[in-house]
Amino acid sequence: MTPRLYVRSLCQVLPMNKVYLADLHIHVGMTGNGKWIKIPSTRKLTVGNIMDTAWRHKGLNIIGIIDALSPWVQDDLRSLMKHGDLAELPGGGYRYRDKLTLVLGGEVETREHNGGSAHSLLFLPTLSALRELAKELSLHIKNIHMSSQNAHMDLQSLYKIAQKHSCQIVPAHVFTPFKSIYGNCSDRMENLFYGNRPDISAVELGLSADSFMADRISELHQYPYLANSDAHSLENIGREFTELAIKGPPDYQRIFAAIKGHSGKVSCLYGLNPALGKYHATRCDKCANSNVLPRTRCSQCGGRVVKGVNERIDEIADRPLTDKPLGAPYIYHVPLSFLPGFGPKTLGKIYAAGFTELEILYKNDIAEINALLGEKAAETIVRTRLGSISVSTGGAGHYGSIVM
């Protein structure tokens, strides 16, 4: 069954709630004084550039920087506070130039006894709280200054530490073949916690899965889903994002109250068609041969076969695919950089005119886009809005592509 595409306006205002657009998984590449945090990434991916790009070019309202366990990243944040660009909010989190709410966290790697490893996102309201968590984790992590370091413990042990520090816990990209709970650790999350329900705030789907696919695993029905970019470059910020209906100004407490449905809610997910994700289908990582199941080596070239998220979910699912998600609607979002003709020059025109990527994709009048970018670009946006585009499927580390 093919999941239907929900047609829905962006940034609707709901009764008593305002809608905010959040990408809570963004990496820092380098500090302001030239120290690497995330390798590989880009030198332009600094804390200041991330926040500027997120609101000015992408049109986001809330972001999460998940390398804030690093003392070097914390130094950059304190520098922004000293210069008046960043201010701590009463309910936790930080406000950047009155344009954007920033949530701080860390991505931590764990390893199970069967050899599988997984990434988890841990969020805290303040720099001081993050420093205390980093102090304890540095006893287990060899280089706390770097991104996504191995904590040399299993998932349950990490979550015990996280709960002690009152973290909001989100398992990251839970289906990808590497560094995820279902991808290479276990068929069921509860098995990693010896049958107990883990105290987590939400589950991050990852680029190669959507809500329809995740709903096939019944133990996930009790959790809200998040769509995040896992950006390793400025261009990829907001390639997936979550729409949150929040009661009151967005701060740390209200953001996670909405995510967990206590006050407000996750009102919509804007994610890639999962076929665009680089681990959606099973492929050879050398020659991209897809006729490889159930082998571990490619019959054509001997390369490694990487099992796709789609096949992995088929293996472990205990429910059929349906045409409507159990939770928030899921919109197939197509970042401008995925569209033919929207290279750096065209994106530069958009930003120079004062428009954001999300305004072009969802809000701007087509005549206005035509006047700015030309008829061909305007036609591409029309077809994207209507969903009249095709997708070439990705796998084994290679993204899919849009076929117009």
Looking only at the side chains, is there a donor atom on one of [X] and [Y] sitting less than 3.5 Å from an acceptor on the other?
X    : Y    : answer
S157 : D154 : yes
T101 : R95  : yes
D67  : S147 : yes
R197 : Q222 : yes
E109 : S148 : no
D23  : S229 : yes
S120 : Y159 : yes

Would H333 and L361 count as a side chain to side chain contact (heavy atoms under 4.5 Å, CB included) here? Give the steps. CA-CA 9 Å; H333 169 69; L361 282 167; 3.5 Å; yes
A quick test of your reading: do over 12 heavy atoms of other residues, nucleotides or ligands sit less than 6.0 Å from CZ of R78? yes
Using ring centroids (six-membered ring only for Trp), state whether Y225 and Y223 fall under 6.0 Å. no
Taking the ring of H27 and the ring of H232, is the distance between their centroids below 6.0 Å? yes
Just do the side chain to side chain contact (heavy atoms under 4.5 Å, CB included) check on D314 and R216 with the steps written out, would you? CA-CA 9 Å; D314 279 343; R216 297 187 63 197; 2.6 Å; yes
Any [X] side-chain heavy atom under 4.5 Å of [Y] side chain:
X    : Y    : value
L86  : V47  : no
M213 : H280 : yes
L336 : I381 : yes
Y94  : L80  : no
H57  : I350 : no
L102 : I63  : yes
V28  : L45  : no
I161 : M153 : yes

Do E132 and K135 pass the salt bridge (charged side-chain N to carboxylate O under 4.0 Å, His left out) test, and can you show the C-alpha distance, the side-chain angles, and the key distance before you say yes or no? CA-CA 5 Å; E132 290 303 310; K135 184 178 179 181; 5.1 Å; no
Do you know which of F175, F178, Y399 makes ring-ring contact (aromatic ring centres under 6.0 Å, His included) with Y279? F178
Quick check: does any side chain N or O of [X] sit under 3.5 Å from a backbone N or O of [Y], one acting as donor and the other as acceptor?
X    : Y    : value
N228 : D230 : no
R383 : S388 : yes
N364 : I369 : no
S117 : R111 : no
N61  : L21  : yes
Q168 : F256 : no
T282 : G308 : yes
S79  : D75  : no
R254 : P249 : yes
Q74  : A68  : yes

Is any side-chain N of the basic residue among K376 and E379 closer than 4.0 Å to the acidic one's carboxylate O? no
Distance from I389 atom CD1 to T384 atom OG1, nearest 0.5 Å? 4.5 Å
Could you check E235 against L347 for side chain to side chain contact (heavy atoms under 4.5 Å, CB included), going step by step and ending with a plain yes or no? CA-CA 10 Å; E235 292 75 18; L347 294 175; 5.8 Å; no
Scan residues 275-292 for pairs that pass salt bridge (charged side-chain N to carboxylate O under 4.0 Å, His left out), counting only residues two or more places apart or in two chains. D285-R304
Step by step, work out the side chain to side chain contact (heavy atoms under 4.5 Å, CB included) result for M30 and N49. CA-CA 10 Å; M30 181 171 277; N49 285 344; over 6 Å; no
Would you sort out whether D199 and K160 count as a salt bridge (charged side-chain N to carboxylate O under 4.0 Å, His left out), showing the intermediate values? CA-CA 10 Å; D199 184 15; K160 285 180 179 178; over 6 Å; no
Once the angle between the rings of Y270 and F241 is folded into 0 to 90°, is it parallel (under 30°), tilted (30 to 60°) or perpendicular (over 60°)? parallel
